[in-house]
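Letters A, B, ... are given to chains in the order of the sequence lines, protein chains preceding strands, and every chain is numbered from 1. Worth knowing before you read on, the calculation uses all heavy atoms, side chains too, and leaves out hydrogens, waters and symmetry mates.
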Amino acid sequence: MQELPKGYEPADVEPRWYQFWLDQGVFRASVAPDDQRETYVIPMPPPNVTGSLHMGHALMGAIEDVLVRRARMQGKNTLWQPGIDHAGIATQTVVERQLKREGLSRHDLGREAFLARVWQWKEQSGGRIGEQMRVLGCSADWERTKFTMDPDLCVSVREAFVRLYEEGLVYRATRLVNWDVDAQTVLSDLEVESEEGVQGELYEFAYQVLDADNAVGLSELVVATTRPETMLGDTAVAVHPDDPRYTHLHGKKLRHPFLAREIPIITDPILVDMSFGTGAVKVTPAHDFNDFATGKRHGLEELNILTLDGKMNELTGEFAGLDRFVARKAVKARLAELGFERGSKPHMMTLPRSQRSGTIVEPMISTQWFVKTQPLAEPALEAVRSGKTQILPEEWVKTYEHWLTNIQDWCISRQLWWGHRVPAFYCDKCGHVLVTRDEHPTNCPACANGELRQDEDVLDTWFSSGLWPFSTLGWPKDNVALERFYPASDMETGYDILFFWVARMMMMGIHFMGEPPFKRILLHGMVVDETGDKMSKVKGNTIDPLDLVYGANFEQVVSKALPGASAGEALNKFRKAYPSTAQMGAGFPAYGADAIRMGLCSYSPQAKRIALSPKRIEGYRNFCNKIYNAVRFALGHVGDVELSGQPTAAPRLLVNRWILSRLAKAIEGCNRGVDEFRLDDASGALYHFFWDELCDWYLEATKPVFISGSPADQSETREALAHVIETALRALHPFMPFVTEELWQRVPKPAGRPVTIALAPFPTVADGRLDAEAEACFGTLTRAIGAARSVRNEHDVHPGSQVPVVLRVRDNAELDRLRSELGLVQFLVKTEGEPTLELTGGPRPPGFVVSVAGDVEVLVGLRGHVDPSKETERIERGIKKLEKDAVGLAKRLQTPSFIAKAPPEVVAEAQATLDSLQRQIAQLIEARGLIEELK
RNA sequence: AGGCGCGUAGCUCAGUGGUAGAGCACUACCUUGACACGGUAGGGGUCGUUGGUUCAAUCCCAAUCGCGCCUACCA
């Protein structure tokens, strides 16, 4: 075994161990028929095939890997099911953009050639995220990786569609839908995002009212609109039936200024709000959801005035061929010209935008496939209400319920080429619609016609994702994996796809498999920059997780964060987004995967925004180094000690008893945290145990033992140290797999451990040994040591020089307890010889300064070092602090109602605390009186 | 408009009905034989505001101000 270098270098370590785990098949889920182990399953949210790793993936990977690795160490048959999503619109858009650079469109290639091109691109770059997740140490069963367009998953999708169709839960209908004029496809409600607070205008113009003889009369009706161009599709104007301003117009007609049409005036109390605008609403049933509903109520004609790419169509006369926004201006100009313009005012509005293309979405009448959601939503709601599926953090339960309760039917067809083709075939001869599992049906079952035309559309990506927990296991075919790994244990993902994905998996899973697809739904927040802004290429505030792993200078970092911008501008934006980088040099050092994972896990899952701070990652890089050096220290002392695996007999030495007790508490905290999906608590418990307790106290305390302890003490301490280190590494492994494996391989281990820490048992409380007495006693000791160090520090005693110390305690029992620990105090405080131990109360030796630490009085000999004015100040400060507490406490204890009504133990505790405070104050006051003697 | 959530140390955020916590930043001292990616000691908060419940409120309730997100709608 090689000598360990002084600092931890993740780059040298990480790839080696990852390959080792792969070679050992550590991540493989077992489908062996005789495997009786409990299972633990997480379906990994499949990243888009287009994507490359971003911080959100890293967060997901870090969290899920902790859950999975711990379960694996607990001996469970673990499946972390990875995969890739074909991501219909997103992928098609990317490839179309590539084509555009070559001067081509998908139509130039034709459907088949275009799809070949997408597949080719998928083969090239589809595995990228998986590779990047391996760099982070993610222990998914990569051999089971699935792609949503794999042949077996295509079978699943067709099966699901056909079954739903046969059950009447999938249907075809003509409706007003959300149309993306850029991508030229319909979108589901969820794919439409609203942009709030857009400054628009409310434009008013007049329609001329027709007289009884259909001639243009003198009166007019003024309507207000934010979309003047849609007046070309107006088929009514509505007023409120109770609006006195317009009563005389009921039943009359209006003349369209440009088109040879008459428009009825209708009354509608639902659509019209009398107080808004002019109280008269133009009705465009084919291009507005409310108007559509109004049209249905009044039997109005639905006049489509737009082409699929957002231009005015042939029905719009002189405006035909104009883009919708150009047409808006043109219509206004013509209205003004004709004298019908009646002014405008600014108006704040919300614009519906396509999630993918960003273009403003048009309501458009179209024939599409829909899923009838209500019958599916009910059981999905019930599963959560009954607790069969639990959602954490719980605050999301209401959001989930609200959405599923108000759910609309789901439009699942898309006018794209990349995706699962709708398995519906049309017979043009007899008009029969055939929905079938058969990929290439040959004859129409109704008329035996041999020419069937398949539906041109593909399915919404989320339709196939909704089947993920069972389609990846081979459904609809029965097999061991499906039987064994459905339902999954946990579904862990970002809250942003709670509706898109999680709710739909719940609906589909319950419907097809008869039970919910997972026992728990765990949701994490969105990774944002240090100032709380969403990460985006536009803002130039993205960080490539791998730049944190491998290190990168800021020029590299910002060239990716804000491509195309000047280096200076990009760097400026980046520094603003991450103020903590001001304290860094030219770039990120190589923090390593462990640091990033631990950092990401340390953020609270309750937080909706996870403000990523590189400085915080740096803190965990330091922690890696701390672990590494602590083990390096231990290795120098433990030798080839033999470990039994469990601490059976209680150690005799206080420090050893204490650290074993703390170890038990840390493991308990870690396990509880992971169980409750509080990885911040779990990682925190281990972090503080390792650094604050193991390193800062225990390792320091073992030094005097190893330097000058008795052989028995040394032997016991060697064993305890080796045990604690080996156990702590196992506990840390799910969070920091690389550094722990690297070290664990070198550390003494009990017999029977497997070849890798990844398969070693995860610690339980029984690996430690709870010992309240040792904790109390060591607590006294640390307080006393702290007090003595305080005095040294505040009097500028050089750390190298030794000072005499006297410890005074209140009773003989305490005296006995502390007697054996004097060597430790001597070492940690650097006292001159062993400290003297005595009962409180005797006269203070001259030249000694007092510091109180609870019930221990610490006298530090400072002759020659002491500065009386500083000492006065120190004592005064101490008294003041204690008095402040004491006064508050005394006040409370004098309140009769407190004594009468508070629980007795609370009163007793307060009284005891007060007594102690008063004793300490008295000691300090005495010390203050003796300051002059110090000189 | 409805729903959810937030407002705690300079910054980012935990937390609890019983005398306020972490990381980073800050101050002083220290290169001591695991680690300067380190150690020791320290400074810093009337827990948004106002009421109420309670023996006791940062925590529970109500109102209010500020902020964020989601859903729906906006002629």
Side-chain angles (χ1 to χ4, degrees), chain A residues 4 6-8 189 194 200 202-204 223-227 230 237-238 271-273 276-284 288-291 347-350 395-396 398-399 402-403 406 495-496 498-499 526 530-532 579-580 583 589 591 595 599 602-604 606-613 615-616 618-637 678 680-681 684 687-688 695-696 699-700 703 707 786 789-794 796-800 828 830 884-886 888-889 892 895-903 906-907 909-910 913 917:
Chain A
L4 287 170
K6 199 172 169 186
Y8 176 59
D189 296 345
S194 43
L202 195 57
Y203 177 84
E204 295 182 1
V223 295
T225 177
T226 55
R227 303 196 52 191
T230 61
V237 169
L271 179 70
V272 183
D273 171 0
F276 189 91
T278 61
V281 187
K282 57 188 278 309
V283 183
T284 321
D288 181 279
F289 286 97
N290 284 314
D291 293 4
H347 178 63
M348 291 303 271
M349 51 190 210
T350 307
E395 58 185 271
W396 291 107
K398 279 187 188 167
T399 312
H402 182 258
W403 190 73
N406 299 293
Y495 72 78
D496 55 329
L498 177 59
F499 304 145
M526 300 293 109
E530 247 176 326
T531 67
S580 77
Q583 292 161 350
Y591 293 134
S602 73
Y603 288 91
S604 167
Q606 318 282 89
K608 287 196 179 153
R609 294 164 162 268
I610 291 172
L612 183 87
S613 167
K615 202 69 189 154
R616 185 154 167 173
E618 188 165 296
Y620 287 101
R621 185 275 312 257
N622 296 351
F623 182 50
C624 289
N625 195 244
K626 193 75 182 173
I627 295 171
Y628 177 84
N629 276 293
V631 174
R632 214 160 61 92
F633 166 82
L635 287 175
H637 292 285
R678 289 303 305 254
D680 54 335
D681 289 344
Y687 178 94
H688 290 294
C695 290
D696 288 353
L699 293 189
E700 294 305 317
K703 286 176 184 176
I707 292 167
R789 283 168 166 173
S790 253
V791 170
R792 294 186 57 127
N793 246 296
E794 288 180 31
D796 297 329
V797 178
H798 191 274
L828 293 178
K830 275 231 166 70
K884 197 180 139 210
D885 293 346
L889 214 48
R892 198 134 56 94
T895 313
S897 52
F898 172 72
I899 298 166
K901 295 195 179 175
V906 171
V907 178
E909 197 191 316
T913 309
L917 286 173

Identified pairing partner of G17(B), criterion: Watson-Crick or G-U wobble below 3.5 Å: none

Sugar-phosphate, base or nothing in reach of Thr225(A), heavy atoms under 4.0 Å: sugar-phosphate

Nearest-Å distance once atom C1' is located in both A9(B) and G2(B): 37 Å

Test: Lys703(A) cationic atom under 6.0 Å from Phe633(A) six-membered ring centre, within 45° of axis: yes

Sugar-phosphate, base or nothing in reach of Ala900(A), heavy atoms under 4.0 Å: nothing

Spacing of the P atoms in A72(B) and G18(B) (rounded, Å): 41 Å

Sugar-phosphate only, base, or nothing, as touched by Pro903(A) at under 4.0 Å among non-hydrogen atoms: base

Sugar-phosphate, base or nothing in reach of Ile707(A), heavy atoms under 4.0 Å: base

C1' atoms of U58(B) and G15(B), separation to the nearest Å: 10 Å

Among U12(B), G5(B), C30(B), the nucleotide that comes nearest once only the side chain of His798(A) is considered: C30(B)

Whole angstrom value for the distance that separates P of U54(B) from CZ of Phe898(A): 17 Å

Sugar-phosphate only, base, or nothing, as touched by Ser790(A) at under 4.0 Å among non-hydrogen atoms: sugar-phosphate

Touch class at under 4.0 angstrom, heavy-atom based, for Leu202(A) against every strand present: sugar-phosphate

Check: C69(B) base within 3.5 Å donor-acceptor of Lys608(A) side chain: no

Under-4.0 Å side-chain N/O to phosphate OP1/OP2 contact, Asn622(A) with G38(B): yes

Which residue lies more 5' along RNA chain B, comparing Cys624(A) with His402(A) via nearest heavy atoms: Cys624(A)

Phosphate-side-chain proximity, Lys901(A) and C55(B), N/O vs OP1/OP2 below 4.0 Å: yes

Between G52(B) and A57(B) - C1' atom distance, rounded Å: 11 Å

Complementary nucleotide of A1(B), counting Watson-Crick and G-U pairs under 3.5 Å: U71(B)

Between C35(B) and U46(B) - C1' atom distance, rounded Å: 41 Å

Out of G5(B), C55(B), A34(B), whichever nucleotide has its closest atom nearest the side chain of Ser897(A): C55(B)

Touch class at under 4.0 angstrom, heavy-atom based, for Glu700(A) against every strand present: base

Ring geometry between His347(A) and Phe276(A) (parallel below 30°, tilted from 30 to 60°, perpendicular above 60°): perpendicular

Opposite nucleotide pairing with C6(B), Watson-Crick or G-U, both atom distances under 3.5 Å: G66(B)

Trp403(A) and Phe499(A) aromatic ring geometry - parallel, tilted or perpendicular at 30°/60° bounds: parallel

Minimum-distance nucleotide to Ala630(A) side chain [options: A41(B), C13(B), A34(B)]: A34(B)

U12(B) pairs with, by Watson-Crick or G-U criteria that keep both distances under 3.5 Å: A22(B)

Pairing nucleotide - A56(B), Watson-Crick or G-U, each distance under 3.5 Å: none

Member of Glu530(A), Glu618(A), Arg616(A) meeting the side-chain hydrogen bond (donor to acceptor under 3.5 Å, both in side chains) criterion with Ser580(A): Glu530(A)

Nucleotide nearest Phe499(A) when distance is taken to its side chain, options A14(B), C70(B), A22(B): C70(B)

Touch class at under 4.0 angstrom, heavy-atom based, for Cys695(A) against every strand present: base

Side-chain N,O (Arg632(A)) to OP1/OP2 (C37(B)) below 4.0 Å: no

Rounded distance in Å between the P positions of G17(B) and C70(B): 31 Å

Side chain Arg621(A) and base C37(B) donor-acceptor under 3.5 Å: yes

Interatomic distance at C1', G44(B) relative to A28(B), whole Å: 15 Å

Touch class at under 4.0 angstrom, heavy-atom based, for Thr278(A) against every strand present: nothing

Sugar-phosphate only, base, or nothing, as touched by Asp696(A) at under 4.0 Å among non-hydrogen atoms: sugar-phosphate

Ring centers of Tyr620(A), Tyr591(A) separated by less than 6.0 Å: no

Touch class at under 4.0 angstrom, heavy-atom based, for Lys615(A) against every strand present: sugar-phosphate

side-chain N/O Lys6(A) vs G38(B) OP1/OP2, d < 4.0 Å: no

Side chain of Lys703(A) (C-beta onward), nearest among C13(B), A34(B), U71(B): A34(B)

Shortest side-chain distance from Glu395(A), nucleotide among G5(B), A28(B), A14(B): G5(B)

Sugar-phosphate only, base, or nothing, as touched by Ala910(A) at under 4.0 Å among non-hydrogen atoms: nothing

Touch class at under 4.0 angstrom, heavy-atom based, for Arg609(A) against every strand present: sugar-phosphate

Residue pair Thr278(A) / Glu204(A), side-chain donor-acceptor N/O under 3.5 Å: no

Sugar-phosphate only, base, or nothing, as touched by Thr226(A) at under 4.0 Å among non-hydrogen atoms: sugar-phosphate

C37(B) pairs with, by Watson-Crick or G-U criteria that keep both distances under 3.5 Å: none

Candidates A34(B), A22(B), A14(B) - which lies nearest the side chain of Ala607(A): A14(B)

Side chain of Ala902(A) - closest among G18(B), G23(B), A14(B): G18(B)

Straight-line distance of Leu635(A) CG to Asn629(A) CG, nearest 0.5 Å: 11.0 Å

Side chain of Thr895(A) (C-beta onward), nearest among C55(B), A34(B), G68(B): C55(B)

Span that lies between the C1' atom of U54(B) and that of A22(B), in whole angstrom: 31 Å

Separation of Leu612(A) CG from Met526(A) CE (nearest 0.5 Å): 14.0 Å

Distance below 4.0 Å between Lys830(A) side-chain N/O and U40(B) OP1 or OP2: no

C4(B) OP1/OP2 closer than 4.0 Å to side-chain N/O of Lys398(A): yes

